[in-house]
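What follows is a set of notes on a single structure, which appears directly below.
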Amino acid sequence: MTEAGPAPARVLAAGSAWGRVNLLGEHTDYNDGYVLPTVVPLCTIVELAASPDGRYHARSATLSEQAVFDGPDAKTSGFARYLAGCLRALAERGIAVPPVSIAIRSSVPIGSGLSSSAALEVAFLRAVRGLLGLAIDELEIARIAHRAESEHVGVHVGIMDQMASSLGAPGRMLFIDTRSLHFEQLPLPRNCAVLVVDSNHPRNLSDTPYNLRREECRIAARMLGVPALRDVRRIASVSALPAPYSKRARHVVQENHRVLEARTAEAARFGLLMNASHASLRDDFEVSIPALDALVQAMQRQPGVHGARLTGAGFGGACVALVDSTELATARAGTLADYAAAGYRGTAIT
Ligand code: ADP
Ligand code: MG
């Protein structure tokens, strides 16, 4: 096996998948709400080769780690959990994958809010689809990947990451109604590019209050007597909730409105909606940290930037800005310089 994977002649099937960045609609997906992600030009590639010994072998060039396990139900740790989780979700649908050697390489940064986990699952499932000649479409791939991560890995994420990775396309944004799974490919606002900068504050969903926020949203919905916060019709009813539920619910309700408006918004308005989203994530949902606030401010200050916000679950990871295409390079350089002047070191991703 080479550094990057098995020798090409041994590859039986391969799959790849994009990382994604969410433009608007944060923490709305597990509230049955709306999201608006796009893909970033970074991807994960998974190659499958015959197993040498009847066990599943996995090797990540990105992490320089290897794992060996016996099947979908085997006890796994680290990155192998995502692969075993996919095998298990497939097994639940009656699809048995024979033991294989799985080689992974990726340019999607891990733990930066660009959904390296979904890219891994989707790339792996696409490779398995090729290997077995399965008749499953991209939405089905997303559903299986989502089940793998939420049920078998145990990170209760919404389905946005997996759908964005499997159904997204460069230069387009993907509107998703996470309740019906209705989705639409939409053009980005005219003459716009997407700037993504990593704050270099890594986060891991299982270490953050992500599951706590989900629980707070569930409680808020129950107090309001609705199936999910997506169903709140009157924002006034939210103000009557006790803290912190009123703030959490207000974020979700208003964020859903922002996404619906952004689908057809011009660049300037889209940018204002992104700025409002960041303020709400910082003040009401309380998932920002000083480094993310500094990075967003640095982005918002640059000429040509229409708006910026943290993206992903929060507590670290990347920030995203909508930028006039002609100003992308200067906005990127200016953001990195201003973020450095605030005492941090960022990494440009797009
Ligand atoms: P992200 O926001 O990047 O999705 P998560 O915490 O959800 O962050 O998932 C990151 C985890 O996904 C990693 O810790 C690792 O277990 C797995 N993973 C993602 N990409 C790779 C890769 N290229 N190789 C191995 N494991 C990966
Ligand atoms: Mg993830």
Side-chain angles (χ1 to χ4, degrees), residues 21-31 33-38 112-113 158 160 173 189 192 194-199 201 203 208-210 212-214 216-217 220 229-230 232 234-239 241 243-263 265-323 331 334-335 338-339 342-344 346:
V21 64
N22 194 17
L23 296 174
L24 211 52
E26 214 64 76
H27 290 275
T28 48
D29 61 348
Y30 53 82
N31 291 295
Y34 309 109
V35 292
L36 200 54
T38 184
S112 296
M160 165 178 65
M173 52 190 192
C192 281
V194 175
L195 172 65
V196 182
V197 176
D198 194 342
S199 70
H201 272 250
R203 53 132 219 124
T208 65
Y210 179 83
L212 174 63
R213 288 290 180 279
R214 283 185 70 117
E216 289 168 346
C217 287
L229 288 179
R230 177 251 182 76
V232 174
R234 288 176 41 253
I235 189 80
S237 64
V238 161
S239 322
L241 292 175
Y245 305 104
S246 54
K247 294 207 281 187
R248 308 295 188 245
R250 185 167 56 206
H251 166 74
V252 174
V253 173
Q254 293 183 337
E255 187 79 350
N256 275 328
H257 286 301
R258 283 188 281 269
V259 175
L260 292 177
E261 186 184 343
R263 285 181 300 175
E266 293 294 326
R269 180 65 190 159
F270 198 115
L272 290 177
L273 293 168
M274 291 175 84
N275 292 344
S277 169
H278 184 77
S280 174
L281 287 161
R282 181 190 60 212
D283 303 333
D284 278 351
F285 218 67
E286 297 183 282
V287 294
S288 192
I289 56 171
L292 294 180
D293 293 338
L295 180 50
V296 166
Q297 275 168 23
M299 288 174 142
Q300 289 169 342
R301 265 201 300 273
Q302 305 309 316
V305 168
H306 299 292
R309 60 179 210 92
L310 71 81
T311 186
F315 305 106
C319 294
V320 61
L322 190 72
V323 191
T335 295
D338 287 3
Y339 189 51
Y344 301 99

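A quick note: this is a predicted structure, and the numbers were derived from the prediction, not measured. Hydrogens, waters and symmetry mates are skipped; everything else that's a heavy atom, side chains included, is used.
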Does a donor on one side chain sit under 3.5 Å from an acceptor on the other, for D283 and H251?
no

Q297 side chain to D338 side chain, donor-acceptor N/O pair below 3.5 angstrom:
no

Heavy-atom side-chain proximity of [X] to [Y] below 4.5 angstrom:
X	Y	value
H278	E26	no
V35	V259	no
V320	M274	yes

For residues [X] and [Y], report the shortest heavy-atom separation together with the two atoms involved.
X	Y	value
C217	V252	SG-CG2, 4.1 Å
S288	D293	OG-OD1, 2.7 Å
A267	L322	O-CD2, 4.0 Å
P244	E216	CG-OE2, 4.0 Å
H27	N31	O-ND2, 2.8 Å
A321	V305	CB-CG1, 4.1 Å

What residues form a ring pair (Phe, Tyr, Trp, His ring centres under 6.0 Å) with H306, not counting sequence neighbours?
none

Short question: side chain of [X], backbone of [Y] - any donor-acceptor pair under 3.5 Å?
X	Y	result
T335	A331	yes
E255	G25	yes
H201	F315	no
R282	P290	no
R213	Y210	no
S246	V238	no
T311	N22	yes

Do the charged groups of R258 and E261 touch, with an N to O distance under 4.0 Å?
no

Lys/Arg-Asp/Glu bridge criterion (N-O < 4.0 Å) met for E286, R248
yes

Please walk me through it: do M299 and Y339 pass side-chain contact (heavy atoms from CB on, under 4.5 Å)?
CA-CA 9 Å; M299 288 174 142; Y339 189 51; over 6 Å; no

Applying side-chain contact (heavy atoms from CB on, under 4.5 Å) to T28 and Y34, what does each step give before you reach the verdict?
CA-CA 6 Å; T28 48; Y34 309 109; 5.6 Å; no

Let me confirm one number: the OG-CG distance from S199 to L295, rounded to the nearest 0.5 Å.
6.5 Å

The reported gap from CG in L260 to CG in L273 (rounded to nearest 0.5 angstrom) is 10.5 Å

Begin with the C-alpha distance, continue with both residues' side-chain angles, and end with the deciding distance and a verdict on side-chain contact (heavy atoms from CB on, under 4.5 Å) for I289 and L292.
CA-CA 5 Å; I289 56 171; L292 294 180; 3.7 Å; yes

Sort out for me which residue in R250, Q254, K247 forms a side chain to side chain donor-acceptor pair (under 3.5 Å) with D284.
R250

